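Have a look at the structure below before the remarks.
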Amino acid sequence: MFFQSLVITGFTSAVALIIGFNQFRNLFGVDFVQSDQLQYVVADVFGRIIDFNHPTTIIGLISVVIIIILRKINKKIPSALIVVILGILILKFFGSSISGVSIVKDIPSGLPIFGIPEFDIDLIRELLPIAFTLVMVGYLETISIGKSLEAKQDEYRIRPNQELIALGISNMVGSLFKAYPTTSSFSRSAINQESGARTGMAALISVVMVVITLLFLTPLFYHLPKTVLAAIIIVAVFNLVNIKEAVFLWKANHLDFWLMLATFIGTLLLGIEFGIIVGVGLSLIVLIYRTSRPYVAELGKVPNSNFYRNRSRFEEVIIEDDVLIFRFDAQIFYANSSYFRDKLDEMAYRKGDSLKLIVLDAESINRVDSTGVEMLKERIKFYKKKGITFLLAGVKGPVRDDLFRSGILSIIDINHFFMRSNDAVKFYKTGDRKQQEKYAKYIHQAYH
């Protein structure tokens, strides 16, 4: 998946804020606009600030404070359950003196009835595009939630294929009971994690408790204030806002930081669906950019050694006018073969007429496609006409196999391959190929 962890960070942080702000209508007792575009919610909240219901706001804010304080004391304390019980008791016994506080009231009891869904081909054809879109959005949200919670522990790992299978099976079974389409929930996942849930057993226990509640306990929640539920959700989801990761990315890699920030802002302002598109789209653009313009370097010899290092990082390395050691830190394929050629020609041009040897340090090249091979063959021919020897060092087995199968040996000899750059330079200067002969088995393995 083209869904980097930094994109997930930006996406989940934005969704957490969207969910949290949309709960302000219950927290403050005002029917604010509901939207997944944060700017409209924030504008409505500040535009109607004088309409806040004071008893609702006081109960909600006290609930937030209690949850935070209890979490600071000990995270194992069931803070959410405590504020729920307190809220029910207060509204049950003192509700007559507290006006305007919205409560849950009657909750339908009993379990859903089994039934076979109606299969209508025309209806399926009409709903299929929308259903496919919902599947993709729901799946990406599920992975985003899972990845964000995965980072908070080190015991379990998210497996995207298993998550997709689980979502499919749950929706298929749910359709037999007229259930809503199922996906993960940011708010409930956050509350689950905040309550100390760590394994799938927590979900099974939740199922049992939901069934017991639906069958026997729904009357107990009649007086539960909605503002208390909003407080629980707000505290839980706001903890998904990952500021530490943003600070780390700013220090570690500015491009990754801006990618995360673009996803974050895109999700906040454009909505959840478009936020996903922004994140995936930008990830693809960055991937294409990085693979099409990888890092390249000219290597120089470390004094009194057989090692070669990047001249732009080590000023003391020895650079010879007649030798160019070129390192390309990526696979060579259709998207970057032109960049390879341009950078190689650029470095060769700077050497001028004194250049007599080019060594391709291929230790960082892990793959080469047909376009890359043809470009490489063309450059070898080009420099051969100019009287410049072209040698290859550190070529990996799979890459060497591709080169040999593509007919590169019709242009250069098998002895143009060396174990290390130093061996290639030494052969050029002295004609000594002892090291090459010693390790011929490892250098020429694919040659027959």
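Here the structure is a predicted model, which means the values were calculated and not measured.
The structure places OG of Ser13 at 7.0 Å from CE of Met260, a figure rounded to the nearest 0.5 Å. One distance of note links CG of Asn26 with CG of Leu229; it measures 8.0 Å at 0.5 Å rounding. Atom CG of Leu249 is separated from atom NE2 of His254 by 10.0 Å, given to the nearest 0.5 angstrom. Rounding to the nearest 0.5 Å places OH of Tyr40 at 9.0 Å from CG of Leu269. One finds the CD1 atom of Ile234 at 7.5 Å from the OG1 atom of Thr227 (value rounded to the nearest 0.5 Å). The distance from the CG atom of Asp321 to the OG atom of Ser354 is 4.5 Å, given to the nearest 0.5 Å.
Listed for the Asn171 side chain is a donor-acceptor partner under 3.5 Å among the backbone atoms of Leu167. Proximity of a side-chain donor or acceptor of Asn336 to a complementary backbone N or O of Phe333 within less than 3.5 Å is detected. Between the Asp329 side chain and the Ser364 main chain, no donor and acceptor come within less than 3.5 Å of each other. Ser35 places a side-chain N or O within donor-acceptor distance of the main-chain N or O of Gln37, the cut-off being under 3.5 Å. A distance-only check finds no donor-acceptor pair linking the side chain of Asn22 to the backbone of Asp36 [under 3.5 Å]. Using modelled atom types, no side-chain atom of Tyr139 and backbone atom of Glu163 make a donor-acceptor pair closer than 3.5 Å. Formation of a donor-acceptor pair under 3.5 Å by the Thr430 side chain with backbone atoms of Phe427 is not found in this model.
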message: Between Arg290 and Asp256, does the salt bridge (charged side-chain N to carboxylate O under 4.0 Å, His left out) criterion hold? Intermediate values first, please.
response: CA-CA 12 Å; Arg290 284 174 169 168; Asp256 285 349; 2.8 Å; yes

task: Give the C-alpha distance, both sets of side-chain angles, the deciding distance and a yes or no for ring pair (Phe, Tyr, Trp, His ring centres under 6.0 Å) between Phe326 and Phe340.
output: CA-CA 10 Å; Phe326 179 73; Phe340 178 102; 5.2 Å; yes

- prompt: Can Phe390 and Leu376 be said to form a side-chain contact (heavy atoms from CB on, under 4.5 Å), step by step?
  reply: CA-CA 10 Å; Phe390 200 107; Leu376 194 58; 4.2 Å; yes

message: Between Asp122 and Arg125, does the salt bridge (charged side-chain N to carboxylate O under 4.0 Å, His left out) criterion hold? Intermediate values first, please.
response: CA-CA 5 Å; Asp122 293 333; Arg125 188 183 298 112; 3.0 Å; yes

- request: Apply the test side-chain contact (heavy atoms from CB on, under 4.5 Å) to residues Thr12 and Asn242: give CA-CA distance (whole Å), side-chain angles for both, the deciding distance (0.1 Å), then the verdict.
  value: CA-CA 8 Å; Thr12 53; Asn242 198 335; over 6 Å; no

- prompt: Between Leu357 and Asp322, is a side-chain contact (heavy atoms from CB on, under 4.5 Å) present by the stated rule, with each step listed?
  reply: CA-CA 6 Å; Leu357 172 67; Asp322 61 336; over 6 Å; no

field: Stepwise side-chain contact (heavy atoms from CB on, under 4.5 Å) test for Leu214 and Val210
entry: CA-CA 6 Å; Leu214 287 174; Val210 167; 3.9 Å; yes

task: For Phe11 and Phe264, run ring pair (Phe, Tyr, Trp, His ring centres under 6.0 Å): C-alpha distance rounded to whole Å, both residues' side-chain angles, the deciding distance at 0.1 Å, then the answer.
output: CA-CA 5 Å; Phe11 178 72; Phe264 176 75; over 10 Å; no

field: Verdict with supporting geometry, Glu378 and Lys381, salt bridge (charged side-chain N to carboxylate O under 4.0 Å, His left out)
entry: CA-CA 5 Å; Glu378 184 272 329; Lys381 290 178 182 178; over 6 Å; no

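Within the 4.5 Å cutoff, the side chain of Leu270 has no heavy atoms near those of the Ile277 side chain. Inter-residue side-chain proximity for Tyr334 and Asp369 is flagged as met; some heavy-atom pair is nearer than 4.5 Å. By the 4.5 Å heavy-atom criterion applied to side chains, Val7 and Leu259 are counted as neighbours. The shortest distance between side-chain heavy atoms of Thr371 and Met375 does not fall below 4.5 Å. Side-chain contact between Leu17 and Thr267: absent, with no pair of heavy atoms (C-beta onward) separated by less than 4.5 Å. With contacts defined as side-chain heavy-atom distances shorter than 4.5 Å, the pair Val317/Tyr308 does not qualify. Side-chain contact check for Val359 versus Tyr428: every heavy-atom pair is 4.5 Å or farther apart. Side-chain atoms of Val42 and Phe21, non-hydrogen and from C-beta on, do get closer than 4.5 Å to each other.
Closest of all the heavy-atom pairs between Ile365 and Gln331 is CG2-CA, 4.4 Å. Closest approach of Ala14 to Leu268, counting heavy atoms only: O-CD2, 3.6 Å. Across all their heavy atoms, Ile319 and Gly300 have their closest contact at CD1-CA, 3.5 Å. A pairwise comparison of heavy atoms in Val368 and Gly372 identifies CG2-C, 3.8 Å as the closest pair. Minimum interatomic distance between Leu391 and Ala424 (heavy atoms only, all atoms of both residues): CD1-O, 3.7 Å. Contact detail for Lys301 and Asn306: the closest heavy-atom pair is CE-CA, 4.4 Å.
Atom CD of Glu315 is surrounded by 12 or fewer heavy atoms from other residues, nucleotides or ligands within 6.0 Å. Within a 6.0 Å sphere centred on CZ of Arg157, heavy atoms belonging to other residues, nucleotides or ligands number more than 12. For Phe248, the CZ atom counts as loosely surrounded, since its 6.0 Å shell holds 12 or fewer non-hydrogen atoms of other residues, nucleotides or ligands. Enclosure of atom OH in Tyr349 is not indicated, since only 12 or fewer non-hydrogen atoms of other residues, nucleotides or ligands lie within 6.0 angstrom. Atom CG of Leu204 has more than 12 heavy atoms from other residues, nucleotides or ligands within 6.0 Å. Around the CZ atom of Phe274, the shell of radius 6.0 Å holds no more than 12 heavy atoms that belong to other residues, nucleotides or ligands. Other residues, nucleotides and ligands place no more than 12 heavy atoms under 6.0 Å from the CG atom of Asp353. No more than 12 heavy atoms of other residues, nucleotides or ligands sit less than 6.0 Å from atom CG of Asn304.
In terms of the side-chain contact (heavy atoms from CB on, under 4.5 Å) criterion, residue partners of Ala297 (sequence neighbours excluded) are, by chain and number, Tyr295, Leu299, Asn310, Arg327.
Ring geometry for Phe417 versus Phe404: interplanar angle over 60°, hence perpendicular rather than tilted (30 to 60°). Ring planes of Trp258 and Trp250: perpendicular class, angle over 60° (limits at 30 and 60°).
The pair Asp345-Lys386 does not meet the salt-bridge criterion, since no charged nitrogen lies less than 4.0 angstrom from a carboxylate oxygen.
For the salt bridge (Lys or Arg N to Asp or Glu O under 4.0 Å) test with Glu320, the passing option among Lys429, Arg311, Lys351, Lys356 is Lys429; the others fail.
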